[in-house]
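Quick note: numbers below take in every heavy atom, side chains included, and nothing from hydrogens, waters or symmetry partners.
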Amino acid sequence: PDAASWRELVPERADAVLAEVSKARGILVGEYEKDATTHFERFTLGGKPLGPIELPGLGSASITTNDDRTEAFITFMSFNEPRSVYRVDLADGALSLWERPDVPVDPSTIEVKQEWYTSKDGTRVPMFIVHRKGLSLDGTNPTLLYGYGGFSASMTPFFSAVHFAWLDAGGVYALANLRGGGEYGEAWHRAGMLENKQNVFDDLYGAAEHLIASRYTSPEHLAVMGGSNGGLLTGVAATQRPDLFAAVVSQVPLLDMLRYHQFLMAKFWVPEYGSPEDPKAFEWLRAYSPYHNIREGTKYPAILFTAGENDNRVHPLHARKMAAAMQAKAANDFNNDPILLWVDREGGHGQGKPLALRIRDVADWLSFVMWQTGLCDS
């Protein structure tokens, strides 16, 4: 077991992050994250490549193997496929559907693709774009852009029946793989944390500008949404680039970045954002802190802030004071472009909510976004 006796079997790759290795009879299976999607590669026990396992499309997957056989099972899902189980013979990589849940939507009507765009500093960033097949690129499609960009969390394809209400009505859904996430390893994460946090916001604006330039949508039909660290992202977007969006949904957000560390468990996030008590960190936090960058007399997008009264991660004070300040200073027509605050008296940060509360939350944000992007009248 001495380290001097170790031998490298599966070398590090520059184009993909090795997430896990599974062992079957005579075979190793490497699970890679490449461009925010799952890829499987087969190897002998000595590390000789045996080739990939071809998955059904762009998606997220995991594999279950056994030491005594080459039969394995892969769980796969994507924006247009519910979590399904495939059987695979690792000897030849042949894949066949084993079980798929019966869902009341038609995934075959939905197209999933991945496009790249260039951020402000020249960095290429990928984005998933999902819509009904046969979409007309005329610049008028209501579009919902989602982002997170922090804590090395990768935004990978997932299935949500909720999205079909949006997609079936003609909406476009986009998921951007912003820096700060873990899609390309720790370097990608570090490029979006601490003093580099502005890169995350610039990546989001690049995604929005790509959707507009490619004629998927226009600022009058584009909404942006995010929660927690993603709520910070959308709060910054509203204050830095109000011209890009018709609507903003900021869920359980951090918004006062000069006092965030004083409440609940937020002090543990100082390694990600920096401490306002550090003079250098204070400067970059002050530069983007949404609460401190509201401008008097500015017309902002319609905004829905949400918070949980029992949130033990992000204190609801962030959403409360941000909404109050924007309502006092914004030049919005509040009948048509409101600044709204919803504090869930029964909920927390989001995890563990009963079904009835989750349905209510979805109905609120979905109807708000549909209204503001023109997918429905009101």
Shared-cluster residues of I359, by chain and number - hydrophobic side chains joined below 4.5 Å:
L355
Any side-chain heavy atom of Y184 sitting closer than 4.5 Å to one from K34?
no
I'd like to know if E81 pairs up with R100 as an ion pair, taking the criterion as any Lys NZ or Arg NE/NH1/NH2 lying under 4.0 Å from an Asp or Glu carboxylate oxygen.
yes
Using a strict threshold of under 4.0 Å (side-chain N to carboxylate O), is an ion pair present between K133 and E111?
no
Taking NZ, NE, NH1 and NH2 as the nitrogens, is one of them in D203 or R179 under 4.0 Å from a carboxylate oxygen of the other?
yes
Using side-chain heavy atoms (C-beta onward) and a distance below 4.5 Å, is Y216 in contact with L135?
yes
Connected hydrophobic set around V85, excluding itself, where side chains approach under 4.5 Å
F73, W98
For a 4.5 angstrom cut-off between non-hydrogen side-chain atoms, does N177 reach M127?
no
What do you reckon, is NZ of K299 surrounded by more than 12 foreign heavy atoms closer than 6.0 Å?
yes
Output the rest of the hydrophobic cluster of F43: all Ile, Leu, Val, Met, Phe, Trp and Tyr residues reachable through side-chain heavy-atom contacts under 4.5 Å, sorted by chain and number.
L9, V10, L18, V21, L28, Y32, L45
Could you pull out all residues at least two apart from F368 that satisfy ring pair (Phe, Tyr, Trp, His ring centres under 6.0 Å)?
none
Are E346 and R360 ion-paired here, with the side-chain N under 4.0 Å from a carboxylate O?
yes
What I want to find out is whether D138 reaches R215 closely enough, with some N-O distance under 4.0 Å, to be called a salt bridge.
no
Are K321 and D256 within salt-bridge range, i.e. N to O under 4.0 Å?
yes
So ring-ring contact (aromatic ring centres under 6.0 Å, His included) across residues 101-129, not counting sequence neighbours, yields F79-F128
What residue pairs, at least two apart or across chains, pass ring-ring contact (aromatic ring centres under 6.0 Å, His included) with a residue in residues 293-330?
F263-H315
Nearest non-hydrogen partners of A302 and N332, listed with the distance
N-ND2, 4.5 Å
More than 12 heavy atoms from other groups under 6.0 Å of CD on E186
yes
Should we say atom NZ of K280 is surrounded by more than 12 heavy atoms from elsewhere, each under 6.0 Å from it?
no
Take atom NZ in K113; do more than 12 heavy atoms of anything else shown fall under 6.0 Å from it?
yes
Give a yes or no on whether a salt bridge exists between E209 and K120, defined as a side-chain N under 4.0 angstrom from a carboxylate O.
no
Does R42 pair with D92 as a salt bridge, N-O distance under 4.0 Å?
no
Decide yes or no for Q240 and F201: does some side-chain heavy atom of the first lie under 4.5 Å from some side-chain heavy atom of the second?
yes
Verify the neighbour count for atom CD of E195: are there more than 12 heavy atoms of other residues, nucleotides or ligands below 6.0 Å?
yes
With a 4.0 Å cut-off on N to O distance, would you call R313 and D311 a salt bridge?
no
Enclosure of R241 CZ (heavy-atom neighbours >12, cutoff 6.0 Å):
yes
Taking the side chain as everything from C-beta on, heavy atoms only, tell me whether S62 gets closer than 4.5 Å to F76.
no
